[in-house]
Novice: 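Let me begin by handing over the structure; questions about it come next.
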Protein chains: 2
Amino acid sequence: MVEIKRTAARKNNGLSASQEDYLEAILNVADASGIARSTDIAVSLGVAKPSVTGAIKLLAQRGLVNYKPYGCVTFTQKGVSQAGRVAQRHEIIKSFFINILGVDAAIAQKAACKAEHLLGPVIISRMRDFTNLTKKKAGPGRIPARIEKVKGTKR
Amino acid sequence: MVEIKRTAARKNNGLSASQEDYLEAILNVADASGIARSTDIAVSLGVAKPSVTGAIKLLAQRGLVNYKPYGCVTFTQKGVSQAGRVAQRHEIIKSFFINILGVDAAIAQKAACKAEHLLGPVIISRMRDFTNLTKKKAGPGRIPARIEKVKGTKR
DNA sequence: CTAAAAAGTTAGTTATGGCTAACATTCTTC
DNA sequence: GAAGAATGTTAGCCATAACTAACTTTTTAG
């Protein structure tokens, strides 16, 4: 903990966890329905609409999205790549949880949403390498019976 | 993300990440020097002294520590066990990062500090089982050469 | 035993990021 | 094309959790 000195946003290009969440949500919504409307983003994140307006304006200030009042949100060049990086981290973590730890997809999904904002590049890349190797070689990933049993622990 | 509806503290017995950090710091400081003094806690967390006073009062309200102005902090029964649980999670995550992912101890330490507040019981227990099994059987944990190489990626 | 240093506290400020209520704009449908 | 629904925005508020400056209490040296 700590080491976040002031603005709460420092890690990735100065984006806070919340801002990364918005980037990711915009990406997901846009992927799903072609455009990113404020209401859909709000639903996707489970926040109220005014929260979206505020967040979008911040992202626009940072040059990550194009904001036009009452229009829909689009990414800038910088924005797409940032969002992509976040989504990538999410995917790596989620896969790792599912394929290596043998965790339920839903649980992996939720945990990845949180962990993606705070695990650094070293750990993320290890997770990626680990997952890849395991897939290819069906190697370390063999989850032994004892752990399989634990799987029943629903929650 | 999301699913934290209001108070930002919901997960573990209603403790926020910050409060868990304080519990852990109190434990560490007490372990190291016998008693938990405010200044040491502040140093250990890298926060200013008034932040500690505020946090301690909150923990006292929740019945986790005993607070007496100008006195040093002690745990209640509830407090010790809570702090212990947090420390346990920390340890499990850190060990996993070090022993399974093959990550540097310092990086593992920092990442564990953050992850301990948000990874749920399922994932934590998988990490523990995985680490234990690996240690005993020297099994899945064999990190292949390719990953070893990545180790050099300092930061 | 007293004066200075160290430790702890209070009061007040700041930043992030959520919320509701009320207003504005755009879309849709007759 | 106008009325109502849907969508988006503004303004103002709340909670968490950090900070600094100034003050109080306790500890420690001489």
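A, B, ... follow the sequence lines: proteins, then strands. Residue 1 opens every chain. Here the structure is a predicted model, which means the values were calculated and not measured.
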Novice: When you check the phosphate oxygens OP1 and OP2 of dA6(D), does a side-chain N or O of T39(A) lie under 4.0 Å from one of them?
Specialist: no

Novice: Round to the nearest Å and state the distance from R62(A) atom CZ to dG17(C) atom P.
Specialist: 9 Å

Novice: Rounded to whole Å, please give me the gap between CD1 in I35(A) and C1' in dG8(D).
Specialist: 13 Å

Novice: Examine dT10(C): is either OP1 or OP2 under 4.0 Å from a nitrogen or oxygen in the side chain of K57(B)? Give yes or no.
Specialist: yes

Novice: Need one value for S51(A): base, sugar-phosphate or nothing, where a base atom within 4.0 Å counts as base even if backbone is also close, heavy atoms only.
Specialist: base

Novice: Please tell me if Y70(A) has a side-chain N or O lying less than 4.0 Å from either OP1 or OP2 of dA6(D).
Specialist: no

Novice: At under 4.0 Å between heavy atoms, what does P50(B) touch on the DNA or RNA strands: base, sugar-phosphate, or nothing?
Specialist: base

Novice: CD1 of I56(B) versus C1' of dA17(D): gap in Å, rounded?
Specialist: 14 Å

Novice: Roughly, in whole Å, what's the span from CZ in R37(A) to C1' in dT26(C)?
Specialist: 11 Å

Novice: Would you classify T53(B) as touching base, sugar-phosphate or nothing, given that sugar-phosphate means primed atoms plus P, OP1 and OP2, and contacts are heavy atoms under 4.0 Å?
Specialist: base

Novice: Are OP1 or OP2 of dT9(C) and a side-chain N or O of Y67(B) less than 4.0 angstrom apart?
Specialist: yes

Novice: What's the CG-P distance between L58(A) and dT16(C), to the nearest Å?
Specialist: 8 Å

Novice: Using atom CD of Q19(B) as one end and atom P of dT16(D) as the other, report the distance to the nearest whole Å.
Specialist: 8 Å

Novice: Are E116(B) and K94(B) ion-paired here, with the side-chain N under 4.0 Å from a carboxylate O?
Specialist: no

Novice: Can you tell me how far C1' of dA24(C) sits from NZ of K49(A), to the nearest Å?
Specialist: 12 Å

Novice: Would V86(A) end up clustered with L15(A) when hydrophobic side chains under 4.5 Å apart are linked, directly or stepwise?
Specialist: no

Novice: Is the phosphate of dA17(D) approached by S16(B) (side-chain N or O, under 4.0 Å from OP1 or OP2)?
Specialist: yes

Novice: So does R126(A) pair up with D129(A), basic N to acidic O under 4.0 Å?
Specialist: no

Novice: Quick one: list whatever passes side-chain hydrogen bond (donor to acceptor under 3.5 Å, both in side chains) with T74(A), sequence neighbours left out.
Specialist: N66(A)

Novice: Will you find, in the side chains of Q82(A) and R85(A), an N or O donor that is under 3.5 Å from an N or O acceptor?
Specialist: yes

Novice: Atom NZ of K68(A) and atom P of dT7(D): how far apart are they, to the nearest Å?
Specialist: 18 Å

